[in-house]
Amino acid sequence: MPERSESATGQLKQIIEAALLAAGEPLNPAQLAALFSDEERPPADQISRALEELREDCAGRGVELQQVASGFRYQVRQGLQPWITRLWEERPQRYSRAMLETLALIAYRQPITRGEIESVRGVSLSSNIIRTLQEREWIRVVGHRDVPGKPALFGTTRTFLDYFNLQSLDELPTLAEIKDMDTLEPELDLEQATPAFRADEAEAAGDGAEDPDAGGPESAEAER
Amino acid sequence: MPERSESATGQLKQIIEAALLAAGEPLNPAQLAALFSDEERPPADQISRALEELREDCAGRGVELQQVASGFRYQVRQGLQPWITRLWEERPQRYSRAMLETLALIAYRQPITRGEIESVRGVSLSSNIIRTLQEREWIRVVGHRDVPGKPALFGTTRTFLDYFNLQSLDELPTLAEIKDMDTLEPELDLEQATPAFRADEAEAAGDGAEDPDAGGPESAEAER
Amino acid sequence: MPFAIVQGQPYTQVPEDLYIPPDALEVILEAFEGPLDLLLYLIRRQNLDILDIPMVEITRQYVQYIEVLQEFKIELAAEYLVMAAILAEIKSRMLLPRPGREDGEEEDPRAELVRRLQEYERFKQAAEDLDGLPRMGRDLFTAGAHVDHRTVVRLPPEVRLREVLLALQDVMSRAELFTHHHIELEPLSVRERMSMIMDRLSGHSYLEFARLFTSGEGRRGVVVAFLALMELSREGLVDVIQNEPLGQLYVKSPGAPDDTARIPEHA
């Protein structure tokens with residue numbers, strides 16, 4: 001590669017790295033391109049390449065370049081949480097099961113009304129939960145169902161995906177399958193019936209094991 | 001240096017780098033030491049050495065490790081300011097009616113004096129408007145009328161044509177066409193009133209909350 | 001001393017199969033996200049198959065649980081009582097001989113309940129999976145760097161041509177300028193050229209008439225330039241001067257000193 005082009009790429013990388021660290025929120029390639037004046041704006045593939053190189057440059061460092069729904073961001077390398085959480089006195093927030101189940105229903109079943117959430121969960125839904133989720137900008141009203149009362153239909157936001165480190169809803173854990181009563185072998189054991197499901201859980205639990213605050217569900221299970 | 005000590009330093013550097021980038025404020029060596037439990041806490045000179053190495057690692061990168069009064073912080077490299085400040089560019093809502101009318105009169109009636117603009121509009125013209133249009137390089141003084149006071153004559157510029165994507169003023173509609181333009185207006189209103197359009201817009205607005213570039217033209221539209 | 005009387009039976013201890021410490025009843029109730037959750041718990045705890053629920057046993061346990069809670073005057077959501085009724089109904093249908101359908105298929109009375117339980121269970125699992133995902137503030141921390149002299153750059157607003165034209169339409173109709181026919185007839189390029197000529201003239205006291213025309217522009221350009229000069233002259237913005245018959249024509253600003261007479265020959 002000729003010297004000059006390399007140094008141009010070098011500056012491009014510097015600008016992108018600085019912008020991502022200065023912005024305080026994920027930036028997408030279009031936002032990165034907008035940092036340059038019309039004359040000096042690099043083509044999209046150069047920006048992608050710079051991002052890829054920056055990602056590789058993070059090897060062995062304390063941060064990593066992560067792509068989430070609304071763009072790219074630098075974040076602390078996973079695994080360093082035990083030290084980094086000591087920066088703050090506050091313990092990370094835990095979410096109630098009601099909130100998580102509601103969020104899960106909205107994420108997997110969107111667009112969905114409050115009534116539909118209640119019917120799956122079998123209990124009425126407190127307005128607090130919907131309000132809290134809206135205030136966090138994790139969910140939003142995406143329309144109204146055309147039935148009497150015109151109930152609001154909820155969907156998740158990009159902020160929700162960003163918060164959970166996801167690029168798209170496709171990356172959510174797979175929803176367990178519904179088994180048909182008729183097709184079930186009578187002797188089929190419960191644990192065998194849901195092997196994929198169990199494996200997922202084991203993985204999730206593995207991540208959580210390092211974190212004293214993770215594993216809400218497990219400990220809740222133990223309490224009972 | 002023995003292998004183990006090197007990798008220990010590697011992790012120490014990772015933790016310190018992550019902490020400095022996550023903290024959002026400068027951290028001093030004592031605060032960095034407090035990230036470690038008593039058993040694993042590195043001696044002060046190891047922390048200093050890690051900081052020094054991290055400072056050197058910044059060569060050629062978009063950020064630098066800087067020592068300030070209250071500790072160490074990563075900051076955006078000075079020379080990158082021109083690009084980084086574009087992250088916080090703001091667009092004010094829109095120009096006033098007076099501004100647009102003045103611009104239109106200068107475009108269609110150039111060369112024209114301020115007095116002539118005032119006499120057509122029936123109100124006096126603030127100097128601000130002329131200055132803003134001049135600063136934007138859309139209008140310029142092309143001469144002076146030979147009457148007492150020698151008032152400046154204004155005309156439009158090439159920048160004006162470029163901004164509106166015009167080769168020449170001839171591409172602007174004639175006054176007769178403009179007179180008939182109100183027949184186009186209902187269409188415009190119709191478009192805004194269409195529910196489907198609204199829903200899309202609402203979605204866009206939802207996304208737009210995260211995107212500083214979105215919503216500029218739409219909000220201008222909505223004000224009308 | 002019994003702590004509860006259920007169906008006339010004194011209870012000195014909580015039924016063993018519930019595993020509930022007596023002082024924690026209310027807390028435990030809160031641990032359940034509703035009757036489906038409680039049912040799932042009863043089924044799972046006994047390692048029963050969700051697809052083949054022993055209705056008699058499950059209904060007995062569920063009702064027992066509800067009764068204990070009620071004996072303690074613990075406020076129960078109506079959903080719990082509705083579920084008890086549903087269970088009782090399914091149980092009775094299971095006990096009765098089912099009328100065979102024409103195709104020989106029999107709908108299991110438990111089918112709907114099983115479907116609801118499974119549906120709830122998958123989202124209960126999804127909620128746990130969601131909770132297990134790395135998330136901001138717990139597992140993830142964004143990295144940020146300090147920016148010196150962080151300033152907000154104010155950009156001029158975007159303007160669309162349509163806005164300008166609508167503004168013109170407004171001001172024109174206010175001024176009733178549409179009634180002036182000469183405005184409509186005047187091509188805009190003439191106004192544009194008028195500005196250009198004025199601009200060229202500024203800084204000069206005069207220009208040769210011919211130099212304001214560029215042959216490269218073609219016939220149309222010449223016409224535009226000529227019309228622009230005529231309009232400028234009519235509006236008194238320029239003077240067109242000829243020092244001698246058939247001599248050179250000059251264009252000058254009206255205010256400029258009339259020094260054309262001194263240098264026409266070698267211009």
Tightest non-hydrogen contact, residues C/V147 and A/A22, listed as CG2-CB, 3.4 Å
Discussion item. What I'd like to find out is whether the side chain of A/N165 reaches to under 4.5 Å of the side chain of C/R135, using heavy atoms alone.
Written reply: no
So, the part of A/L87 with a heavy atom under 4.5 Å from chain C: the answer is neither
Applying a strict 4.5 Å limit to non-hydrogen atoms, the region of A/V120 in contact with chain C is both
field: Side chain C/E79, main chain A/S124, donor-acceptor under 3.5 Å
entry: yes
C/R122 vs A/Y108, test: side-chain contact (heavy atoms from CB on, under 4.5 Å). Steps then yes/no. CA-CA 11 Å; C/R122 71 204 294 227; A/Y108 285 91; over 6 Å; no
Interface check, chain C: of A/E90, A/R109, A/Q66, A/R77, most non-hydrogen pairs under 4.5 Å belong to A/R109
Taking every heavy atom of C/A127 against every heavy atom of A/A104, the minimum-distance pair comes out as N-CB, 3.8 Å
One should read off an interatomic distance between C/M136 CE and A/R136 CZ, to the nearest 0.5 angstrom, of 11.0 Å
- Task: Check the pair C/L133 / A/L166 against side-chain contact (heavy atoms from CB on, under 4.5 Å), numbers first and verdict last.
- Result: CA-CA 9 Å; C/L133 288 177; A/L166 303 169; 4.2 Å; yes
When the 4.5 angstrom heavy-atom criterion is applied to A/R121 and chain C, the contacting part is both
Distance col, row C/F123:CZ vs A/I117:CD1, nearest 0.5 angstrom, shows 10.0 Å
_SB check C/D37 A/R97 (cutoff 4.0 Å)_ = yes
Heavy-atom nearest pair, C/D129 first then A/P173, reads CB-CG, 3.6 Å
Honestly, the part of A/L80 sitting under 4.5 Å from a heavy atom of chain C is neither
Here the gap from C/E33 atom CD to A/L100 atom CG, rounded to the nearest 0.5 Å, amounts to 9.5 Å
Closest non-hydrogen atoms of C/A143 and A/V63, given as atom of the first, atom of the second and distance, are CB-CG1, 3.8 Å
To the nearest 0.5 Å, atom CG of A/L105 lies from atom OH of C/Y120 at 9.5 Å
In short, A/V123 meets C/G34 closest at the heavy-atom pair CG1-CA, 3.2 Å
Applied to residues 117-140 of chain A, the ring-ring contact (aromatic ring centres under 6.0 Å, His included) test, sequence neighbours excluded, yields A/Y95-A/W138, A/W138-A/Y163, A/W138-A/F164
- Query: Mind checking whether A/V76 and C/T142 have side chains closer than 4.5 Å, heavy atoms only?
  - Reply: no
Next item on the list: May I ask you to test the A/P92-C/D139 pair for a side-chain heavy-atom distance under 4.5 Å?
Entry: no
If one checks every heavy atom of A/S119 against chain C at 4.5 Å, the contacting part turns out to be backbone
Residue pairs passing the salt bridge (Lys or Arg N to Asp or Glu O under 4.0 Å) test with at least one member in residues 80-89 of chain C, sequence neighbours excluded, are C/E89-C/R93
key: Mutual orientation of the aromatic rings belonging to C/F141 and A/W88 [parallel < 30°, tilted 30-60°, perpendicular > 60°]   = parallel
Okay, A/Q93 and chain C: the region with an atom under 4.5 Å from a heavy atom over there is backbone
Fill in: Test item: C/E119 and A/I178 side chains (from C-beta on) under 4.5 Å apart, heavy atoms
yes
Value for CG (A/L172) from CG (C/L130), rounded to nearest 0.5 Å, stands at 6.5 Å
